[in-house]
Amino acid sequence: MAKFQAPKGVSEYVPDRSSHFDYVRSTLIESAVVAGYQLVELPVFEDTELFARGVGESTDVVRKEMYTFEDRGGRSITLRPEGTAGVMRAVIEHNLDRGQLPVKVYYSGAFFRAERPQAGRYRQFYQVGIEAIGVADPRIDVEVIAVAERAFRQLGLQNYRLEITSLGDSLTRENYLADLRSYISGVSLDEETTARASLNPLRLFDDKRPEVKDLMSKAPVLMDYLTPESAADFAKVQELLSMIGIDFVVNNRMVRGLDYYTGTAFEFVHNDLGAQSGIGGGGRYDGLMAQLGGQELSGIGFGLGIDRILLAREAEGLALPDGLGLDLYIVPLGTGDEALKISEELRLRGIRVDLAFGDKALKGAMKSADKSGARYAIVLGADEISSGVVSLKEMKSGETTSVTLSALANELIERIANLGENS
RNA sequence: GUGGUCGUAGCUCAGCUGGUAGAGCACUCGGUUGUGGUCCGAGAUGUCGCGGGUUCGAGCCCCGUCGAUCACCCCA
């Protein structure tokens, strides 16, 4: 029979790599939680119009990368290609913006874009994102950036940089885009590039062809058009980032792929990832809430790519930290009934326990103990059960200690706690 | 969506100018009494991605297809 395979271009995680994935995801989430962001768990599909209006009709995401289908009721549905539009919809729908501001939420899950896959670019991929809605304050911009930066540091990443820019307010953009368009219309470009420019002239700053780069290096720069208010905000953001010790580089040619960004925009770029080097990015969006039928509230947020962050950790040779695996592995001799019972008692105390099943020989079961990565192992045979004493073996050193079964849970808990203090 | 490279045991790969498959690691069992990681021995494992074609004969050649990968495009 022909074997099935996963659909083209999806990322999926199975042991042992899945534990690394889970470590990255939970570290990112924890960084948001400690800053007061609360979970929103949202659908992975939404009304197509939400993304068309929210993300922007001119974006590639909306024009050619969405998974769109008609449901049985004839509605046009789209698998979410990004997180912010759905969050705005939920905030408006549940009136979260009627209470205290800012609304601070995080999300985590799968997103979908029908692109040609390559390393770090998948058709189903995973992000953790946060949004802070309702307060336009450079300090929140910096907090949002700090949530990402802190997570990256905790994950041990080194070889990356933070790029920031300001896209200015609507007046800034209006003036700037007019000048940029007239500059572009004055230079000669091929048909396809001209078409891209007419959709969003900013995109040309991303072009990798030398001749286009050369042309764009002489183009007007948005930074020069910032209104005094935008310029002051941007200066404040930089000042505060420095104050809390976050390094950054200003990239005044940064291009963001989604149309809703205004003001502060940022991107984390990793150096070891090839073409798909962005591990996270975000920015402020002034008009989005109103655009989607809500109040005129500004917001800021980011999306971090779990897949790419995992690749970045692997590229930097970072291993999983100790202490995430099993605490104890039980090797039963004879019937394993007692081992099963004890494992449940220990698990009830929060100790991570696995055991050998299926009447494995001692040697084989000890090998399993070794491979399980458990910190400790005990053999549980007739002797131990009748005497009530087991020999607790630390797998790494091979040292054994006699412990009574009744004291085993406390002994393990104490040792695990000590380990946490030492590391 | 466009172009390049690639696809052989669970994993990493070898397989010369076409003659019906191999290594290392991993896995299972064993090296006589209840303790893994080293060592030694034995063993199982592949429709050579899939489909067609050329040939007396194809893992090696040709076409298609699926997938991966790299770049473009775009982005997390």
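Side chains included, hydrogens not; waters and symmetry mates left out as well; all remaining heavy atoms used. Reminder, nothing fancy here: chain letters follow the sequence lines and each chain counts from 1.
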Report which part of the nucleic acid A/E82 touches: base, sugar-phosphate, or nothing (heavy-atom distance under 4.0 Å, all strands). nothing
At under 4.0 Å, does any side-chain N or O of A/Q5 touch on OP1 or OP2 of B/G49? no
Given that both pair distances must be under 3.5 Å and the pair must be Watson-Crick or G-U, what runs of three or more consecutive pairs involve RNA chain B? B:1-7 with B:66-72, B:10-13 with B:22-25, B:27-31 with B:39-43, B:49-53 with B:61-65
A/A319 backbone acceptor or donor facing A/R313 side chain under 3.5 Å: yes
Ranking B/A71, B/U69, B/A68 by distance to the side chain of A/A119, first place goes to B/U69
Between A/F21 and A/Y126, is the ring centroid distance below 6.0 Å? yes
I want to verify a distance call: between B/A68, B/A76, B/C74, whose nearest atom is closest to the A/P117 side chain? B/A68
Side chain to side chain, A/P117 and A/Y122, heavy atoms closer than 4.5 Å: no
Quote, to the nearest angstrom, the P distance that separates B/G37 from B/C25. 15 Å
Using the C1' atoms only, state how far B/G22 lies from B/G15, rounded to an integer number of Å. 7 Å
What one-letter contact string describes nucleotides 35-40 of chain B from 5' to 3', where B marks a base within less than 4.0 Å of any protein heavy atom, S marks contact via sugar-phosphate atoms alone, and - marks no contact? BBB---
I'd like to know if A/Q276 reaches the base of B/A71 with its side chain, counting only an N/O donor and acceptor under 3.5 Å. no
Residues two or more places apart in sequence or in another chain: which of them pass ring-ring contact (aromatic ring centres under 6.0 Å, His included) with A/Y260? A/Y285
Identify whether any heavy atom of A/L333 sits under 4.0 Å from a base atom; if not, whether one sits that close to sugar-phosphate; answer base, sugar-phosphate or nothing. base
Quickly work out the A/L273 CG to B/A76 P distance and round it to whole Å. 14 Å
Classify A/Y126 by what it touches in the nucleic acid, base, sugar-phosphate, or nothing, heavy-atom distance under 4.0 Å. nothing
Atom CZ of A/R116 and atom P of B/C66: how far apart are they, to the nearest Å? 11 Å
Can you check the distance between B/G52 and B/C27, where both ends of the measurement are the P atom (answer in whole Å)? 38 Å
Charged N-O contact under 4.0 Å between A/R375 and A/E394: no
Spacing between A/D383 atom CG and B/U33 atom P, to the nearest angstrom: 15 Å
Salt-bridge present (A/R352, A/D327; N to O < 4.0 Å): yes
Round to a whole Å and report the spacing from CD of A/Q118 to C1' of B/U2. 13 Å
Taking only the P atom of each, what is the distance from B/U28 to B/U38 in whole angstrom? 13 Å
Pairwise 5' ranking along RNA chain B for A/G9 and A/I279, keeping only the more 5' one: A/G9
ring-ring contact (aromatic ring centres under 6.0 Å, His included) partners of A/Y37, counting only residues at least two apart: none
With a distance cut-off below 6.0 Å to the six-membered ring centre and an angular limit of 45° from the axis, does A/R80 pair with A/F111 as a cation-pi contact? yes
What is the distance, rounded to the nearest whole Å, between atom OH of A/Y122 and atom P of B/C75? 18 Å
Whole-Å distance between B/U2 P and A/D60 CG? 15 Å
Base, sugar-phosphate or nothing for A/G120? Non-hydrogen atoms, less than 4.0 Å. base
With the threshold set at 4.0 Å, does a side-chain nitrogen-carboxylate oxygen contact exist between A/D247 and A/R161? no
What orientation do A/F268 and A/Y160 show, parallel under 30°, tilted 30 to 60°, or perpendicular over 60°? tilted
Has the side chain of A/R116 got a donor or acceptor atom that lies under 3.5 Å from a matching backbone atom of A/R121? no
Can you tell me how far C1' in B/A42 sits from the matching atom in B/U5, rounded to whole Å? 41 Å
Kindly say whether, by distance alone, the side chain of A/R121 makes a donor-acceptor pair under 3.5 Å with the base of B/C73? yes
Check ion pair A/R113-A/E82 (N to O, under 4.0 angstrom): no
Could you identify which residues of residues 304-312 of chain A place a heavy atom less than 4.0 Å from some atom of RNA chain B, listed by residue number, or say none? A/G305, A/R308
Results of side-chain contact (heavy atoms from CB on, under 4.5 Å) for A/T48 - residues two or more places apart only: A/M66, A/T68, A/S76, A/T78
Smallest separation among heavy atoms of A/N159 and A/D272, with atom names: ND2-OD1, 2.8 Å
Between A/L204 (CG) and B/C73 (C1'), how many Å, whole number? 13 Å
Whole-Å gap separating C1' (B/C11) and CG (A/D16): 12 Å
Taking the side chain of A/E115 as its heavy atoms from C-beta onward, which of B/C70, B/C72, B/C74 lies nearest to it? B/C74
Please give the distance between the P atoms of B/G41 and B/U32 as a whole number of Å. 16 Å
